[in-house]
Undergrad: 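Below is one structure. I have some questions about it.
Heavy-atom basis, side chains included; hydrogens, waters and symmetry copies ignored. The residues of the chain are indexed from 1 along the displayed sequence.
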Amino acid sequence: MSVTHGKMGLSLTQEILSHLGLANKTAAWGTLGTLRTFLSFSVDKDVQRLLKAIAGQGVDCIAILDVLTNRSREQRQLISRAFHERTQQDLLKSLQAALSGNLERIVVALLQPAAHLDARELRKALKGSGSAEDVALEILATRTPPQLRECLAVYKHNFQVDAAEDIKSETRGILRDLLLALAKGGREAYTGIIDYNLAAQDVQALKQAEGPSTERMWVLVFTQRNSEHLVRVLNQYQRDTGRELEKTVRARFHGAACVALLSLALVIRNTPLYFADKLHQALQETEPNYQVLMRILISRSETDLLSIRAEFRKKYGKSLYSSLQDAVKGDCRSALLALCRAEDL
């Protein structure tokens, strides 16, 4: 089947689904996420179950997690609104009052709209200590353009300041330039047309941009070109020079700038592997980094967590599910395992 025929087939499928009311509901016909739209969804039953779990003798954490980790984010928002309509109480605040510790944190994250969670994590990274190049880059580099626009709009509304202003005040040098460029959301969209001349020009520019005051070219190429083009640039650079571009980055840059560029290169080459590496690092710490585990498992659960699991198993020789079982303790363990979903043999 030709590429053109494949695209026409997809368009026809989308047209049919639109008449069935299923357009843009990818969970209805398959995703690479572990969490799908719950087909037997009843908002009334879920509200009643959560009320019973909170109001009974002792909080029923199992029931709460069974509902929240088996519903899509859209369904969780419907539950939250229905809960408020029926009880005049805020579900998030009610659950916060009933829970504590990491379990409370993961429930809060599950109930927040995606843009609100991203905005909160981005603010925390920029105003925290030493994590801007990690968390901020993760959010700015891996969200789709619509997701990024919504995140930045929520950021401005919630914190009364543009994220760009916080980036300017909290970072410096090439890291600041990279984050500002990513926050503008100006990356080119892939049109399906391969521009071999531009790829050759970018490779040549990066080969020459190894002296002082040449950082601007690195920022331009890494933040403006579409991912398909950049993969071609990375491969062509290695063919022309005999070394991976990442090796040049390590020799050319240091500190936060080096980390940011290497992270961007990995996102471009293999986004699921980028997240698998982050999860593995979070699990290897003396005390697992629960914030990283929660953020990634929740944010990728409806997009590509199956691919992340596959990359994790391939690189580290052990499944993500088993790694979580071994490392994670406490009340949020069952929630993280539920989001991960299953073992990879």
Side-chain angles (χ1 to χ4, degrees), residues 21-22 24-28 33-124 127 139 143 146-147 149-161 163 290-291 293-295 297-303 330-339:
L22 296 175
N24 299 320
K25 305 291 185 183
T26 54
T34 57
L35 197 155
R36 313 292 179 90
T37 298
F38 189 62
L39 298 181
S40 301
F41 179 56
S42 168
V43 68
D44 291 322
K45 288 182 179 179
D46 284 346
V47 168
Q48 290 299 321
R49 192 176 181 194
L50 289 173
L51 271 171
K52 183 178 179 181
I54 297 170
Q57 283 190 337
V59 179
D60 189 347
C61 297
I62 294 176
I64 293 170
L65 291 178
D66 187 51
V67 171
L68 298 184
T69 61
N70 284 289
R71 307 293 183 269
S72 67
R73 189 179 292 277
E74 182 180 355
Q75 289 176 325
R76 294 196 295 269
Q77 293 304 304
L78 291 174
I79 293 169
S80 186
R81 288 197 289 272
F83 187 96
H84 185 267
E85 291 172 359
R86 289 157 177 71
T87 67
Q88 302 305 306
Q89 297 177 38
D90 185 276
L91 176 59
L92 182 57
K93 292 181 179 178
S94 298
L95 289 172
Q96 281 182 294
L99 305 171
S100 61
N102 285 325
L103 183 58
E104 177 190 349
R105 290 164 63 193
I106 197 168
V107 165
V108 168
L110 284 165
L111 281 173
Q112 283 188 314
H116 289 253
L117 178 60
D118 280 347
R120 187 191 74 183
E121 291 290 290
L122 181 57
R123 174 76 170 185
K124 189 185 303 181
K127 290 298 182 179
I139 292 171
R143 301 316 189 242
Q147 288 172 337
R149 286 194 294 271
E150 189 177 0
C151 166
L152 296 177
V154 170
Y155 192 105
K156 183 174 183 178
H157 178 270
N158 288 355
F159 307 116
Q160 298 300 298
V161 63
Y290 287 98
Q291 195 64 30
L293 298 175
M294 292 177 194
R295 183 180 65 250
L297 290 175
I298 291 173
S299 68
R300 311 310 292 190
S301 62
E302 293 182 57
T303 54
D331 293 335
C332 77
R333 182 172 183 259
S334 56
L336 294 178
L337 289 174
L339 291 169

Undergrad: Nearest 0.5 Å please: distance from the CG atom of L110 over to the CD1 atom of I64.
TA: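 Interatomic distance, L110 CG to I64 CD1, rounded to 0.5 Å: 11.5 Å.
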Undergrad: So do the side chains of L95 and L68 get within less than 4.5 Å of each other, counting heavy atoms only?
TA: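 The answer is yes; the side chains approach within 4.5 Å.
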Undergrad: To the closest 0.5 Å, what do you measure between OG1 (T37) and CG (N70)?
TA: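 Reported to 0.5 Å precision, the distance equals 12.0 Å.
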Undergrad: Can you tell me if CD on Q147 sees more than 12 non-hydrogen neighbours from other groups inside 6.0 Å?
TA: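 Count over threshold, so yes.
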Undergrad: Work out which heavy atom in A98 is nearest to a heavy atom in V59; give both atom names and the distance.
TA: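 It is O-CG2, 3.6 Å.
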Undergrad: Does a side chain donor of either Q48 or R86 reach within less than 3.5 Å of an acceptor in the other side chain?
TA: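 No, R86 and Q48 have no side-chain donor paired with an acceptor closer than 3.5 Å.
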Undergrad: Any salt bridge linking R49 with D60? Criterion: basic side-chain nitrogen under 4.0 Å from a carboxylate oxygen.
TA: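 Looking at R49 and D60, the cut-off is not met.
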Undergrad: Answer yes or no: is there a side-chain heavy-atom contact under 4.5 Å between L297 and T34?
TA: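 Counting from C-beta outward, L297 and T34 never come under 4.5 Å.
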Undergrad: So do F38 and V67 actually touch side chain to side chain, heavy atoms under 4.5 Å?
TA: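 Counting from C-beta outward, V67 and F38 never come under 4.5 Å.
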Undergrad: Applying side-chain contact (heavy atoms from CB on, under 4.5 Å) to V47 and E85, what does each step give before you reach the verdict?
TA: CA-CA 10 Å; V47 168; E85 291 172 359; over 6 Å; no
Undergrad: Would you compute the distance between atom CG of L103 and atom CZ of R333 and round it to the nearest 0.5 angstrom?
TA: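 L103 atom CG to R333 atom CZ measures 14.0 Å (nearest 0.5 Å).
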Undergrad: Is any side-chain heavy atom of F83 closer than 4.5 Å to one of D46?
TA: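 No, side chains not in contact.
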